[in-house]
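First the proteins, then the strands, lettered A, B, ... as listed; each starts at 1.
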Number of protein chains: 2
Amino acid sequence: MSSDPDSQDRSSATVAARLAEAIHDHRLIPGMKLNEDEVGVIYGVSRTVVRAALQELAHNHLVELRRNRGAFVAQPSVKEAREVFEARALLEPRTARSAAARTTEADIAALRAHIVAEHAALDAGATGRALQLSGQFHIEIARIADQLTIAEIVAQLVARSSLIIALYWQRRTALCESHAHDQLLRALAARDGALAEDLMKSHLLDILTSLDLRDQSSQPRSLEEALRP
Amino acid sequence: MSSDPDSQDRSSATVAARLAEAIHDHRLIPGMKLNEDEVGVIYGVSRTVVRAALQELAHNHLVELRRNRGAFVAQPSVKEAREVFEARALLEPRTARSAAARTTEADIAALRAHIVAEHAALDAGATGRALQLSGQFHIEIARIADQLTIAEIVAQLVARSSLIIALYWQRRTALCESHAHDQLLRALAARDGALAEDLMKSHLLDILTSLDLRDQSSQPRSLEEALRP
DNA sequence: TAATCCATCGGTGTATACAATCCTGCGTCC
DNA sequence: GGACGCAGGATTGTATACACCGATGGATTA
C-alpha cells in the first residue's frame, strides 16, 4: 500500500504487479517504452529484477519484448482482441455454471462486496480501478468453481482484455456492465447454473460488441499513432 | 539437432525448449532438482540465461520455483491433473469444430504426416517422442482454427498433460489414442465440425479416464507423506 | 541540397562478483 | 546416547561491469 519504494518487498513479482497495475490504470498506455534503468530507479531495484518482471509481463502479453530494442506496453491487434474473447467465451460460461453449484454464502458476500466496490470506483470516476475490480469478479467466479487452472488462464485473459478495452473502447455509455454482474450474482445465489452460464455468455458477447473492432489498420501504430494525435 | 553446446543459439528460449524437451522425454523426472550452475555448464550459458529459462518453464508449470531453494521439475497433483483436463475439455472440442470449417488440403496433409510420425515413434519405442507428437497434433488443430491465443493456451495445457501422464499413466495397453487422432483427421477432412467436436470431447475424456487419479496422492510430494501413514 | 556513410551513444544481452539464505555436518552439552 | 546449536559449504538472489546491437546525428561527397 505504501508508495515508498524503500519500505517494501523488492521482488520481481512485486515490480511486475505494480507495472501491471499501472497498465490497467492506463497510466502506462499501449506502445509506451519501458526503459529498464528508469523502472529500476523508480522501484529501487536493479535491472536484473526489472528484467525478470518484464519477462513475466511478456508471458502474460501485457508487454512486448523486442530483442535489443527493449520492452513496450503491448498493443493487442484486432485479431488478438477477438481471439481473447473467443477463448473467454469457451471458458467462462461453463465455469460459471460449475460455480453456481458450489457457491457458498461467504462467496456471495464477497462477490457482493466486489460489486459495491466496483460501483464506488465508477462513481468516483476511477475507471481504471473499476475495470480492475470488474475483471477480478470474473476471476473470482472461476475460483468459486474450484478451478484454479482455469482461474489462472482467465486471469491472464482478463488482463489482456483490460488492454484491449483501453485500445478499442467506443461505447459512450458508462461501463454499464456492472448490471450484468448484478444479474450474475443473483443467478449464483439462486444456484441456477444454466442461467449463470447464459448470463456469462451474453455478458462477454456484450463487452465484445461494445468494442470498435473494425478492420482498421490498427497495426501501423508505429507511425500513425505518432502523427495522428 | 546438434548436441554441441557451442554450435547453437544460446538464448534463454533455446535453453527452455531443450529443458522442456527433456522433461517431455522423461529424461528429467518430476521432482528432480535443476541446479542452475549445472544446467548452465551443460548448455554453455551463464546462470543469467538459465534463470530466465527456468522462469519461463515455471510460468508454464513445467518446473516449480521455490524461493532460495531452486527449481524442480513440477509434480502436478491429482487436483491439478483434473483441472488441466477440465480446461482442455472446455477449449479443444469447440475449437476442433471451428477447425473443421477451415481445414485446407495442406492442413490435412500436415496432420497426416504428423500421425505417421507418431506411429513411427511408437513402433520405435520412443514413447517420449510419440507423446510430444501427439500433443503437437492438438496444438495444430487450434492453429488450423486460426485461434492463436487458444493454441498458445492449449500448448501450455498439453505440456502439463505430458507431465501428468508421466506421473499417473496406468493403462497397460499401448498409447492407443493414435486411433482417435485418425478419426479426428477424417472428421476434419470431411469438414464435419459436429463430429470433430464429439470426437475431441471423447478423446480427452478417454485420456483422463486412462489415468490413475484416485484421490489420495499416489505420488507423495514429500518423504513425510510417503512414510507417515 | 540531398543522400549516404560513419562515428558516437544510449540501451539491452550476458557474464561475473558479491550478498543472503539454506542445508549439512560436527561438536558440545545435557 | 541423543538433541540442540553453531559453523562451514553450497546454492540461490541481486547488483554491477562489460560486450554488443541499434538508433541518431553530423560530416562528407556527389
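Under the rule for a side chain to side chain donor-acceptor pair (under 3.5 Å), the partners of A/E80 that lie at least two apart in sequence or sit in another chain are A/R160.
At whole-Å resolution of the value, CZ in A/R66 and P in C/dG11 are 16 Å apart. If you take CG of B/L65 and P of D/dG13, they are 7 Å apart, rounded to a whole angstrom. In this structure, A/E36 atom CD and D/dA17 atom P are separated by 16 Å, rounded to whole Å. Atom CD of B/Q55 and atom P of D/dT12 are 15 Å apart (whole Å). The distance from atom CD of A/E64 to atom P of C/dT12 is 14 Å, rounded to the nearest whole Å. A/E38 places its CD atom 14 Å from the C1' atom of C/dT12, with the value rounded to the nearest Å. The distance from atom CG of A/N68 to atom P of C/dG13 is 6 Å, rounded to the nearest whole Å.
Using a 4.0 Å cut-off, some side-chain N or O of A/R51 falls inside it from OP1 or OP2 of C/dG13. Residue A/N35 places at least one side-chain N or O closer than 4.0 Å to OP1 or OP2 of C/dG11. One finds a side-chain N or O of A/K33 lying less than 4.0 angstrom from the OP1 or OP2 phosphate oxygen of C/dT12. Phosphate proximity of D/dT14 to B/R67: present, with a side-chain N or O under 4.0 Å from OP1 or OP2. The phosphate of C/dT14 has neither OP1 nor OP2 within less than 4.0 Å of any side-chain N or O from B/T48.
Aromatic ring pairs are classed by plane angle as parallel below 30°, tilted from 30° to 60° and perpendicular above 60°; the pair A/H59 and B/H59 is parallel.
Judged by distance alone with a 3.5 Å cut-off, a donor-acceptor contact links the side chain of B/R47 to the base of D/dG13.
Looking at A/D107 and A/R102, no side-chain N of the basic residue comes within less than 4.0 Å of a carboxylate O on the acidic one, giving no salt bridge. No salt bridge links B/E86 with B/R82; every basic N to acidic carboxylate O contact stays at or beyond 4.0 Å.
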Next on the checklist: If you apply the rule side-chain contact (heavy atoms from CB on, under 4.5 Å), what do you find for A/L111 with A/E140, and how did you get there?
Outcome noted: CA-CA 8 Å; A/L111 287 179; A/E140 193 65 31; 3.6 Å; yes

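B/R69 comes within 4.0 angstrom of the backbone, heavy atoms only, and of no base.
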